[in-house]
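Remember, it's a predicted structure, so these values are computed and weren't measured experimentally. Atoms within each ligand, like the ligands themselves, are counted from 1 in listed order.
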Amino acid sequence: MYLQVLEEIAARWAAVAVAVSVHSLSCHPLLTFGTEEQKQRWLPGMLSGDQIGAYSLSEPQAGSDAAALRCAAAPIEGGYLINGSKAWITHGGRADFYTLFARTGQGNNPPASPGPGGRRGDISCFLIPGDQPGLSFGKPEEKMGLAAIPTTSAFYDNAEVAAERRIGAEGQGLQIAFSALDSGRLGIAAVAVGIAQAALDDACAYANERTAFGRKIIDHQGLGFVLADMAAAVAGARATYLDAARRRDAGRPYSQQASVAKLIATDAAMKVTTDAVQVLGGVGYTRDYRVERYMREAKITQIFEGTNQIQRLVIARGLTTP
Ligand SMILES: Cc1cc2nc3c(=O)[nH]c(=O)nc-3n(C[C@H](O)[C@H](O)[C@H](O)COP(=O)(O)OP(=O)(O)OC[C@H]3O[C@@H](n4cnc5c(N)ncnc54)[C@H](O)[C@@H]3O)c2cc1C
């Protein structure tokens, strides 16, 4: 139900849907790995909408390779001292809390190029308040789309955080981060389907109005087939996220299906929105019509919460027999 609502919001305004999806992603660690006491304290504000969250995993040198993150949380009396930089934070500078992943192991001094595996257990998850002393933000990135939500860097300079703000066990951070992303990827898949549906609707409306060579352009089979392929891509993409969501609801493993849904839905959104611009012809390329915005919005869905190359890695790993 949540994903279907998200799809509807995305069809109207993708930035708002992404904001909702990223907020949910930020809440997931506390909901799934937090203690009862932590949930009692922080969850009501998150669920009521009073507080908006941000998810802080990526760093300038660690995007796809999240395990290479260097932001360090050094243990001190009663808590941790956090130092380091984070990148690409949706809601950066605006959020009420930041779900942060930082390194608590290896003497907080990881090698420059970690390689696969080995140091995954050194990372922990923290819930950082937005007004945390020692936390500051860069200026918002100038993005291709999603102008309504800021994306910034964050800088931790001797930020002292109480031990009670650690979510899950020390060293469990990467497991928590990936668990949240499995869920978040379904959100991005639903957002992508919403964008694609909106592009399909606009393209169909135009193709039923516009005439060329004495008939509606939809009645030219060459263009009707483009629209048919767009409709099929949207329906197929929707089915993949619903399939993964049903598995999640049933308590079955769904990590691989979430990656399939993210891959299929976001690639479909990119293709469908590009074709929508084509259906509108010259006006499709202008800002007078919405389809160019859909195309710019679709592009980011192939990149964040794991690029589609990373989704293929996850899917391939699931196909590998031990
Ligand atoms: C608008 C926006 C919002 C974002 N919001 C957030 C957020 O809220 N929180 C957060 O933590 N992060 C966020 N991100 C970061 C995002 O998740 C990363 O940009 C993404 O994971 C890719 O990392 P990267 O940019 O460092 O690219 P890189 O990891 O440098 O990848 C560059 C290219 O190499 C490819 N590549 C890398 N490794 C492999 C491999 N093993 N096999 C094949 N290809 C590979 C990638 O697919 C990509 O095409 C956001 C990014 C953007 C642009």
Extract all donor-acceptor atom pairs below 3.5 Å that involve side chains of residues 125-141 and protein atoms in other chains or at least two apart in sequence.
residue: Gln132; atom: NE2; partner: Glu160; partner atom: O; Å: 3.0

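- Contacts with ligand 1 closer than 4.0 Å are made by side-chain heavy atoms of Ile300 only, the backbone lying farther away.
- Heavy atoms of other residues, nucleotides or ligands lying less than 6.0 angstrom from CZ of Arg94 number 12 at most.
- The shortest N or O to N or O distance between Leu57 and ligand 1 is under 3.5 Å.
- For atom 10 (C) of ligand 1, a protein heavy-atom neighbour is present inside the 4.0 Å cut-off.
- In the vicinity of Glu305, heavy-atom distances shorter than 4.0 Å reach the ligand 1 atoms 17 (O).
- Proximity to Lys143 (heavy-atom distance under 4.0 Å) selects the following atoms of ligand 1: 1 (C).
- Atom numbering of ligand 1 starts at 1 in the shown order; those under 4.0 Å from a heavy atom of Thr307 are 22 (C), 46 (C), 47 (O).
- With a 4.5 Å cut-off on side-chain heavy atoms, Tyr289 and Tyr206 count as touching.
- With atom 14 (N) of ligand 1 as the reference point, the heavy atom nearest to it among Trp88, Phe101, Tyr98 is part of Trp88.
- Between Asp243 and Gln257, some side-chain heavy-atom pair lies under the 4.5 Å cut-off.
- With respect to Glu297 and Arg293, a salt bridge is recorded, a charged nitrogen being found less than 4.0 Å from a carboxylate O.
- Distance check on atom 41 (N) of ligand 1: some protein heavy atom falls below the 4.0 Å cut-off.
- A salt bridge does not link Arg185 to Glu305: none of the charged nitrogens lies less than 4.0 Å from a carboxylate oxygen.
- Environment of CZ in Arg210: sparse, with no more than 12 heavy atoms of neighbouring residues, nucleotides or ligands closer than 6.0 Å.
- Contact atoms of ligand 1 toward Ile303: 20 (C) (distance under 4.0 Å to a heavy atom of the residue).
- Close approach to Leu313 involves these atoms of ligand 1, each under 4.0 Å from a residue heavy atom: 41 (N).
- Taking distance alone, with nitrogen or oxygen atoms compared against 3.5 Å, Ser56 stays at or beyond that limit from ligand 1.
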